[in-house]
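Data first, discussion second: the structure below is written as structure tokens.
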Amino acid sequence: MNGSVQSESEKRVVLAYSGGLDTSVLIRWLIEQMGLEVIALTVDVGQPGDLQAIRQKALEIGAVESELVDARDEFAEEYIAPAILANALYQGKYPLATALARPLIAKIQVETAHRYGAKKIAHGCTGKGNDQVRFEVAAAALDPSLEVLAPVREWSMSREDEVEYAKSRGIPVEITAGSPYSVDENLWGRSCECGVLEDPWVEPPEDAFAWTSSPQEAPDSPEYIEIGFEKGIPCALNGESLSLVDLVLKLNSIGGRHGVGRIDVIEDRVVGIKSREIYEAPAAVILIEAHRTLEHLTLTKDALWGKRKLEDEFARMAYEGMWFSPFNKAIQAFNRVLSERVSGAVRVKLYRGNAVVVGRRSPSSLYDYSLATYDRADAFDHTAARGFISLWGLQMKLWAKSGKEKGESSS
Ligand code: ARG
């Protein structure tokens, strides 16, 4: 590489651009304060808004290039699907929407940097959140030679300062009524923080929700849906084959109508803070529940037992920015092997905030009526139970006998 090409690439930075105030100010700041050429990158992971307009806005602010990448299918197939196989819920509750999207955005950012020969990437995360960790650890895993810039973490501009900075430079600032919340959305869910939600005792007001109706306002008659699975991946709704993206979109809307998928938690961030989070994730809640049910029909007891432990590890790693870690990859491979026979259908009843599984079937079902029934058709060998229990409990007999000899009480 000759000197001038070298310095060209030193001057280029690929910014993960959302179109919001922070990253809009950031475009200009990187140009003015650091003398960089900004390549804005907006990744479509199913967030709302006019993304073409956002792409355009970056150019108006001064980016030399602005790219919009539709990554919805990749997000569904490579990130959401493994999360379904893992029944992934961080701390047992949060389906990880934001956490799953960040490594994908980082991956596309790294690829974009390579395409433009840029040596730097930038994000607009603050120093208090998880997203900075996810962006930077993912980028490090994919190309440790890239330099990461996170100016929002260091500059001491308040929101008012940012608005002033933007106005003084002709950067368009949306003069919405000013939502009291901080929101992030993608295909897999919506998160809502700040404002009154920062008091963990306060019930979330209705204006914190956007995807779901209040269970009180939801239809008064239940709706039954049937979800088809192939090797653990949902692939059909009410008998109609659908791509994962379309299935998730449909379930978000059907589930949302019934008030399904509202989650209110105190969550442990990577940086040690406990935060109050409100999530809406109708599709995620329905699909994970349905998937887990189908596993219970088709997997052995010991496989279910062992898998469950790794599910928590998977969710923790996704949350903590370790998506590209070898352990996470290994768990994904493990889940794919176990999912070979997780095919079939699950019937779910949606009613006033609840999604309840009411039926399941599979060509690989391990449920055997003649073993389970208490009717005359019973084929279970009752006489075998006696010998089984005698050996199963042998260790306890020995323990109790030895204790008795020593005069210890057995309970
Ligand atoms: N607490 C959630 C998480 O860490 C949501 C974060 C939302 N991010 C945001 N920049 N508003 O995954």
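One-based numbering, in listed order, for ligands and for the atoms of each. Predicted, not measured: the structure shown is a model, and the values here were computed from it.
Residue-ligand proximity, Asn130 to ligand 1, at heavy-atom distances under 4.0 Å covers atoms 3 (C), 4 (O). Near Arg134, with a cut-off below 4.0 Å to any heavy atom, the atoms of ligand 1 are 3 (C), 4 (O), 12 (O). Numbered from 1 in the order shown, with element, the atoms of ligand 1 that lie under 4.0 Å from a heavy atom of Ser191 read 5 (C), 7 (C). Within ligand 1, counting atoms from 1 as listed, the ones closer than 4.0 Å to a heavy atom of Glu277 are 1 (N), 2 (C), 5 (C). Within the listing of ligand 1, atoms 6 (C), 7 (C), 11 (N) sit less than 4.0 angstrom from a heavy atom of Glu193.
Taking atom 12 (O) of ligand 1 as the reference point, the nearest protein heavy-atom neighbour is Tyr94 OH, 2.6 Å. The closest protein non-hydrogen atom to atom 1 (N) of ligand 1 is Glu267 OE2, 2.8 Å.
Between Phe75 and Tyr79, the ring planes are tilted. Angles from 30° to 60° get that label.
Residue contacts with ligand 1 include Tyr279, since one of its heavy atoms falls under 4.0 Å from the ligand. Residue Ser182 places a heavy atom less than 4.0 Å from ligand 1.
Between the side chains of Asp184 and Ser191, no donor N or O sits under 3.5 Å from an acceptor N or O. The closest side-chain donor-acceptor pair between Thr23 and Ser18 falls under 3.5 angstrom.
Contacts of Tyr181 with ligand 1, taken as heavy-atom pairs under 4.0 Å, are absent altogether. Under 4.0 angstrom from ligand 1, there are no non-hydrogen atoms of Arg269. At a 4.0 Å heavy-atom cut-off, ligand 1 does not touch Gln132 at all.
Proximity annotation for atom 8 (N) of ligand 1: of Asp131, Asp22, Asp268, Asp131 comes nearest, heavy atoms only.
Stacking of Arg360 on the aromatic ring of Tyr367 is not recorded, the 6.0 Å distance cut-off and the 45° axial limit not both being met. Both tests pass for Arg169 against the ring of Tyr165: distance under 6.0 Å to the centre and angle within 45° of the axis. The cationic atom of Arg190 (NZ for Lys, CZ for Arg) does not lie both less than 6.0 Å from the six-membered ring centre of Tyr279 and within 45° of the ring axis.
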Would you check, one step at a time, whether the test side-chain hydrogen bond (donor to acceptor under 3.5 Å, both in side chains) holds for Trp211 with Glu185?
CA-CA 10 Å; Trp211 287 19; Glu185 291 174 79; 2.8 Å; yes
For side-chain hydrogen bond (donor to acceptor under 3.5 Å, both in side chains), just list the numbers for Tyr116 and Glu111, CA-CA rounded to whole Å, side-chain angles, deciding distance to a tenth of an Å, and then say yes or no.
CA-CA 9 Å; Tyr116 283 96; Glu111 288 163 0; over 6 Å; no
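With hydrogens and angles disregarded, a donor-acceptor distance shorter than 3.5 Å links the side chain of His123 to the backbone of Cys125.
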